[in-house]
Amino acid sequence: MTKPKVFITRRLPDEVVNPYREHLDIEMWPREEEPVGRQVFIERAQSSHGLMTMLTEDVDEQILSQSNNLSIVANMAVGYDNVDVKTAERLNIAVTNTPDVLTETTADLTFGLLMATARKMIEASQYIKDNKWENWSPLMLAGTDIHGKTIGIVGMGRIGEAVAKRAKGFGMNVLYYNRSRKPEAEETFGASYTDFEVLLEQADYVVCLTPLTDETKHMFNKDAFHRMKKDAFFINASRGATVDEEALYEAIINKKIAGAGLDVFEQEPISSEHPLLSCPEVVCLPHIGSSTKQTRYKMMRLSLDNLVHHFQGKPLITPVTSSTDNS
């Protein structure tokens, strides 16, 4: 029996992929760090029965409508705003993602980014590397407390709840804003549901974990940053396009907020010339929220398992529809 042909858009470790070759005819883009070119992606999609994609690939209507043999897209991420899910549904093409397996790892990074930003850890490390540590002074590189402060989580999905759990360990007051209330989070973590505007006004740390939708694009704009406390920090570990980066830059340089920690950007990758990198109050990371070897391997295997299940006629493990909670 002929194996279904699957194209993987990034080079993955053989130790992960090889066991699946028993069930799938796998072709991989040969480079790990360089994304597949658009034209090559189009050609491979047209000749494949399944795709395993990364967030770097735009699986749009052109790709989906021109790929007559394609029946599944397995996206190796919890988010799937890079996939035109509605068109996929119309064409009867299944879509899967990788939730749950990255929740705790991403929450670790999110809270670590909050801590690094508040306590000026990156700036302090560079201070030593630049040979500036010549004396001690009472307020040298003085940061801001985390314990006992108020955290405002925008997007109380799986990762939001995991961040709330960590915040409670620091004795923080937890506010959250979500499109629907989460009674379990309120009961388990003592989280308080509030309006977006109230959260901005009361939180010492505003943490963006909301999925990217038409409604959430640039929800953190000039008005949002002006509503925040002047000594508050903004943390984004969700999607870059939820933020108007020009408005954030202006809020930083005009001292409207105290600082920001960013793992995501509207256009990735960013260069060293990005304006936000010029602000010492901002900590920038290259989208490494789920980047531990253990978690990335789990994400790879979950994507491949979804592909195998699909072609064997078994229920998908983590299916996505246009109504799925993208968080």
Hey, mind stepping through Thr9 and Glu57 against side chain to side chain donor-acceptor pair (under 3.5 Å) and telling me if it holds?
CA-CA 8 Å; Thr9 61; Glu57 279 72 64; 2.6 Å; yes

Closest heavy-atom pair and its distance - [X], [Y]:
X: Asp14; Y: Pro19; value: O-CD, 4.1 Å
X: Ala260; Y: Ile252; value: N-CD1, 4.0 Å
X: Lys168; Y: Phe189; value: CD-O, 3.0 Å
X: Ile93; Y: Ile72; value: CG2-N, 3.7 Å
X: Gly160; Y: Leu209; value: CA-CD1, 3.6 Å
X: Asn97; Y: Val78; value: ND2-O, 2.9 Å

Would you confirm whether [X], through its side chain, and [Y], through its main-chain N or O, come within 3.5 Å as a donor-acceptor pair?
X: Thr292; Y: Thr295; answer: yes
X: Tyr176; Y: Lys182; answer: yes
X: Ser67; Y: Leu70; answer: no
X: Asp204; Y: Ala232; answer: no
X: Asn236; Y: Ser238; answer: yes
X: Arg21; Y: Ile26; answer: yes
X: Thr242; Y: Arg239; answer: yes
X: Glu32; Y: Leu12; answer: no
X: Thr87; Y: Asp84; answer: no

Can you tell which of Phe233, Phe111, Phe170, Phe234 makes a ring-ring contact (aromatic ring centres under 6.0 Å, His included) with Tyr205?
Phe233

Any luck finding a side-chain donor-acceptor pair between Gln126 and Asp130 under 3.5 Å?
yes

Indicate whether the side chain of Thr150 and that of Gln202 have a donor and an acceptor atom separated by less than 3.5 Å.
no

Count the heavy atoms belonging to other residues, nucleotides or ligands that lie under 6.0 Å from [atom1] of [X], then report whether that count exceeds 12.
X: Lys217; atom1: NZ; result: no
X: Asn131; atom1: CG; result: no
X: Asn92; atom1: CG; result: no
X: Glu246; atom1: CD; result: no
X: Gln267; atom1: CD; result: no

For Ile153, run the side-chain contact (heavy atoms from CB on, under 4.5 Å) check against Thr210, Val163, Ile235 and tell me which one passes.
Val163

[Y]/[X] salt bridge by N-O under 4.0 Å criterion:
X: Arg38; Y: Asp60; answer: yes
X: Lys229; Y: Glu201; answer: no
X: Arg166; Y: Glu104; answer: yes
X: Glu27; Y: Arg44; answer: yes
X: Asp145; Y: Arg119; answer: no

Go through the structure and list residues passing side-chain contact (heavy atoms from CB on, under 4.5 Å) with Ser65, not counting sequence neighbours.
Glu61, Leu91

Enter the distance from Arg90:CZ to Lys86:NZ here, rounded to the nearest 0.5 Å.
12.0 Å

Plane angle bin for Phe7 and Phe41 - parallel if under 30°, tilted between 30 and 60°, otherwise perpendicular:
tilted

Kindly say whether the aromatic ring centers of Phe220 and Phe196 come within a distance under 6.0 Å.
yes

For Asn75, run the side-chain hydrogen bond (donor to acceptor under 3.5 Å, both in side chains) check against Thr318, Asn306, Asn82 and tell me which one passes.
Asn82

What pairs of donor and acceptor atoms, side-chain ones from residues 269-286 against any protein atom, are under 3.5 angstrom apart with sequence neighbours left out?
{"residue": "Ser271", "atom": "OG", "partner": "Glu273", "partner atom": "N", "Å": "3.1"}
{"residue": "His274", "atom": "ND1", "partner": "Leu276", "partner atom": "N", "Å": "3.2"}
{"residue": "His274", "atom": "NE2", "partner": "Glu245", "partner atom": "OE1", "Å": "3.0"}
{"residue": "Ser278", "atom": "OG", "partner": "Pro275", "partner atom": "O", "Å": "2.5"}
{"residue": "Glu281", "atom": "OE2", "partner": "Lys255", "partner atom": "NZ", "Å": "3.0"}

Trace of the side-chain contact (heavy atoms from CB on, under 4.5 Å) decision for His49 with Val6:
CA-CA 6 Å; His49 301 99; Val6 169; 5.9 Å; no

